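Working notes, beginning with the structure itself.
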Amino acid sequence: MISFRPRLLSYNPDKTLNPKMVFLRDAGFSTTDLTLVLSKNPTILTSSLDNQLVPAYGFLKGVLGTDEAVISTTKRAPWLLHNDLDKRIGPRIGELRDHGVPDSSISAMIKQQPRRFIRANPDRFTEALTKVKEMDLKPSSHLFYSAVNTILSMHESRWEEKVELYRSFGWSEDDILLAFKKRPQFMELSKDKIRGTMDFFLKEMGWGVSVVANHPSVLVRSLEKTIIPRCSVIRVLMSHGLLSKGVSLTTICNIKEEKFLEKYVIKYQMKVPQVLEAYQGKTMIRG
């Protein structure tokens, strides 16, 4: 901390530093929490207790609801405690409320992406809200703030690059809109991730674009750790006549790990040992 804020050495510990530590401890920060937060951002200790820390903490608690939520959020983003939150966040909260976004969603938005929320250009923030509303996403839905966060995560040029990339695989505007309304984060994927996953789905699995667009959550799954092993297992079982060809691979890619293991690996590994090899990535059965 001293290397970042050497003037802390000139502060009176009893009059200047200790009251701030006491305030944060009384709010619920543990010693471990304080070590993490202050090592990340020692500026907190140079801020005024009465004019900065107390108002900032009070603002966050008013929005996030509990001391626990404030502590969890500031551990990830300690810089929140030395910002004028009423000025930086207040207008955006008001704008979200004007659009019908409930306080629970606003709270979740700040918890998940505080930096994105506070640092986005005001015009860009308004533009993102308008764009999402035009997509007919309900402000009361958690997908609404996820969509806003996704749009705020990239410049317009990057958005267009992603749109063009999906189009190169045969996606229509309607396909992209449908997928975005179901899983906004699919637009945040890297271009390499998009190419690799779409190539696999189209060429190896023979899925049509509409299948992926209707189930965009499969795109955000890890290709190497989840998609390929699971699809390999299903191909092994199909080749032995143990599963019908009508099995929904999108469902298989999205179910919980424990359930997949129980239903498709453990159940058949004695009869077909290759399922374990496929699951472990030792073999890939192609169609």
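Because the structure is predicted, anything quoted here is derived from the model rather than measured.
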What's the separation between atom [atom1] in [X] and atom [atom2] in [Y], rounded to the nearest 0.5 Å?
| X | Y | atom1 | atom2 | answer |
| --- | --- | --- | --- | --- |
| E188 | K162 | CD | NZ | 7.5 Å |
| K191 | E161 | NZ | CD | 4.0 Å |
| L152 | L129 | CG | CG | 7.5 Å |
| F23 | D50 | CZ | CG | 9.5 Å |
| L49 | N18 | CG | CG | 11.0 Å |
| D84 | R88 | CG | CZ | 8.5 Å |

Could you tell me if the side chain of [Y] sits less than 4.5 Å from the side chain of [X], heavy atoms only?
| X | Y | result |
| --- | --- | --- |
| E277 | S232 | no |
| V209 | L202 | yes |
| M198 | L219 | yes |
| H82 | T46 | no |
| W171 | V212 | yes |
| L143 | V132 | no |
| K111 | S72 | no |
| R230 | I255 | yes |

*Would you check if the distance from the ring center of F201 to the ring center of F169 is below 6.0 Å?*
no
*Please confirm whether F180 and W159 have ring centers closer than 6.0 angstrom.*
yes
*Salt-bridge contact D199-K203 (side-chain N to carboxylate O under 4.0 Å)*: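 Looking at K203 together with D199, the answer is yes, because their closest N to O distance falls below 4.0 Å.
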*Can you say whether the rings of Y264 and F260 are parallel (under 30°), tilted (30 to 60°) or perpendicular (over 60°)?*
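Ring orientation of Y264 relative to F260: tilted.
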Is the backbone N or O of [Y] less than 3.5 Å from a side-chain atom of [X], with the two atoms forming a donor-acceptor pair by type?
| X | Y | value |
| --- | --- | --- |
| T74 | I71 | yes |
| Q52 | L81 | yes |
| S239 | V236 | yes |
| K40 | A77 | no |
| N83 | W79 | yes |
| R92 | A120 | yes |
| K20 | S47 | yes |

Is it true that, when you exclude [X] itself, more than 12 heavy atoms of the residues, nucleotides or ligands shown sit nearer than 6.0 Å to its [atom1]?
| X | atom1 | value |
| --- | --- | --- |
| K131 | NZ | yes |
| K138 | NZ | no |
| E160 | CD | yes |

*Looking at L223 and G196, what are the two nearest heavy atoms and their distance?*
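Looking at all heavy atoms of both residues, the closest pair is CD2-O, 3.7 Å.
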*Are H240 and Y268 close enough, and set up right, to give a side chain to side chain contact (heavy atoms under 4.5 Å, CB included), and what steps lead you there?*
CA-CA 11 Å; H240 284 77; Y268 295 106; over 6 Å; no
*Quick one: do the N254 and H215 side chains pair a donor with an acceptor below 3.5 Å?*
no
*Between N149 and S146: side-chain donor-acceptor atoms closer than 3.5 Å*: no
*Can you list the steps and then say if M21 with L45 is a side chain to side chain contact (heavy atoms under 4.5 Å, CB included)?*
CA-CA 8 Å; M21 301 285 282; L45 290 176; 4.1 Å; yes
*Scan for side chain to side chain donor-acceptor pair (under 3.5 Å) pairs involving residues 117-129, sequence neighbours excluded, and state none if there are none.*
E95-T126, R124-E127
*Quick one: do R97 and D103 satisfy side chain to side chain contact (heavy atoms under 4.5 Å, CB included)? Show the steps, please.*
CA-CA 8 Å; R97 286 172 174 160; D103 287 347; 2.9 Å; yes
*Please report the C-alpha distance between F186 and I176 in whole Å, then the side-chain angles of each, then the deciding distance to 0.1 Å, and finally whether the side chain to side chain contact (heavy atoms under 4.5 Å, CB included) criterion is met.*
CA-CA 10 Å; F186 95 106; I176 294 170; 4.2 Å; yes
